[in-house]
Amino acid sequence: MNHKTIKVGVIGSGGMGSRHARNLSLRTAGAEVVAVMDIDQTRAQTIASECGATRVYADGHELIASAEVDAVVIASPDTTHAELVLSCLAAGKPVLCEKPLASTPAEAEQIMQAEVKVGKRLLQLGLMREFDPVHRDAKDALDRGDIGQPILFRGIHINPAFRGVRMLEDVIVNSAVHDIHSTRWIMQSEVDCTFAQYVVAAAGQPESCRMVSIQLKLNNGTLAVLEVNTDSGYGYEVDIEITGTTGSIKTDSIQSPIVRSSSTRGQFIDSDWLGRFDTAYIIETQAWIDSIINDKPIGPSVWDGYMAQIIADACVTSARTDQPVNIQASDKPSIYT
Ligand code: ISE
């Protein structure tokens, strides 16, 4: 692409969409937000005005088709991702799509086939932990060999109760999908098998999920243990631990100062991911825009989204049946190697 400035259309102007739109217009070099789409036209207009975008759409496909839009951010509800991504691929437009890639493994596979047909990567998936300095530092230490060979990955993902009682499938596909991706990305291995168990959130609702615990066996012989808490009662935290053959790595993402006051010693804890991953989102959009300008795709790919979806699906089955489930995936297409 020859543009010095990438003209971006943002689909969805809720929490993530508005965050990306603001980051792109205020904190990202080489980007301009030119269009915003939302079913809620007032909300879309508010974000468009804030970002200097002149076009507001009520239909995502129309935004994608607009000649004024070079690249697209998809931050609409999860169930709309697949059809909008397919529309971007058909239009040959680069896209930053929030996770999950799709709602089912079949949809994710359809997207993968469509991108393979294009012949090059057009999609970066919004698994933003790859751009989080805390995760990157931990991965750098592992990659340098500081702890020898990794043996075990542990993911701790603590959410406040932001949507009331959540269902098992939602917790795994919408939340644990991050931890599944972190495992594959940091341990540099695919996953062979999963065993997931959960604690029910509400009496009489067997599919409600308060806490899920996921064990993964990786095909390099290592293990992962992931826990997702859906109602911490105090705030939001994401940290990881890696045990290696000669040491271990443990992140402590709470960077706020320790305050001593009124006979207490305390630290501020973020209340959601927008605070915890504030920096990661900025780095993520800058990396995306740079990758379009340089024509060098980076970050989580459709393959990563497809694998995360397949593993998440197997976790749901495992949790429902209380049995381990093997992961069965298609071969990795060469555009992802
Ligand atoms: C949310 O959609 C996100 O993507 C957050 O990063 C994650 O921590 C949260 O659990 C999800 O619901």
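Bear in mind the structure is a predicted one, so any value in this text is a computation, not a measurement. Positions are given from 1 along the sequence. Both counts, for ligands and for their atoms, begin at 1 and track the order of listing.
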For this session: Measure Phe277 to ligand 1 on non-hydrogen atoms and call it side chain, backbone, both or neither using the 4.0 Å cut-off.
Result: neither

For this session: Using non-hydrogen atoms of the residue, decide whether Arg276 is closer than 4.0 angstrom to ligand 1.
Result: no

Exercise. Atom 4 (O) of ligand 1: which of His178, Arg166, His157, Met16 has the nearest heavy atom?
Worked result: His178

Problem set entry | Which of the ligand 1 atoms, numbered from 1, are nearer than 4.0 Å to a heavy atom of Ser175 | 9 (C), 10 (O), 11 (C), 12 (O)

Exercise. Taking the six-membered ring for Trp, are Trp273 and Tyr281 ring centroids under 6.0 Å apart?
Worked result: no

Seminar exercise, completed: If we number the atoms of ligand 1 from 1 as shown, the ones under 4.0 Å from a heavy atom of Tyr236 are 5 (C), 6 (O), 7 (C), 8 (O)

Exercise. Going by an N to O cut-off under 4.0 Å, is there a salt bridge joining Asp132 and Arg276?
Worked result: yes

Exercise. Glu130 and side chain to side chain donor-acceptor pair (under 3.5 Å): which partner among Arg136, Gln124, Lys139, His181?
Worked result: His181

Exercise. Is the Trp303 ring parallel, tilted or perpendicular to the Tyr306 ring (thresholds 30°, 60°)?
Worked result: tilted

Problem set entry | Test: Lys120 and Glu115 ion pair at under 4.0 Å | no

Exercise. Is the NZ atom of Lys250 crowded by more than 12 outside heavy atoms at less than 6.0 Å?
Worked result: no

Seminar exercise, completed: Here the atoms of ligand 1 under 4.0 Å from any heavy atom belonging to Phe162 are 12 (O)

Exercise. Does the N or O separation between Lys99 and ligand 1 drop below 3.5 Å for any pair?
Worked result: yes

Problem set entry | Asp179 bridged to Arg129 by N-O distance under 4.0 Å | yes

Exercise. Are Glu62 and Arg55 within salt-bridge range, i.e. N to O under 4.0 Å?
Worked result: no

For this session: Could you say whether the N/O atoms of Arg129 and ligand 1 ever approach to under 3.5 Å?
Result: no

Exercise. For atom 11 (C) of ligand 1, what is the nearest protein heavy atom, given as residue, atom name and distance?
Worked result: Asn174 OD1, 3.0 Å

Problem set entry | Nearest-contact summary for atom 9 (C) of ligand 1 - protein heavy atom, Å | Asn159 OD1, 3.4 Å

For this session: Show which atoms of ligand 1 fall inside a sub-4.0 Å distance from at least one heavy-atom site of Met128.
Result: 6 (O)

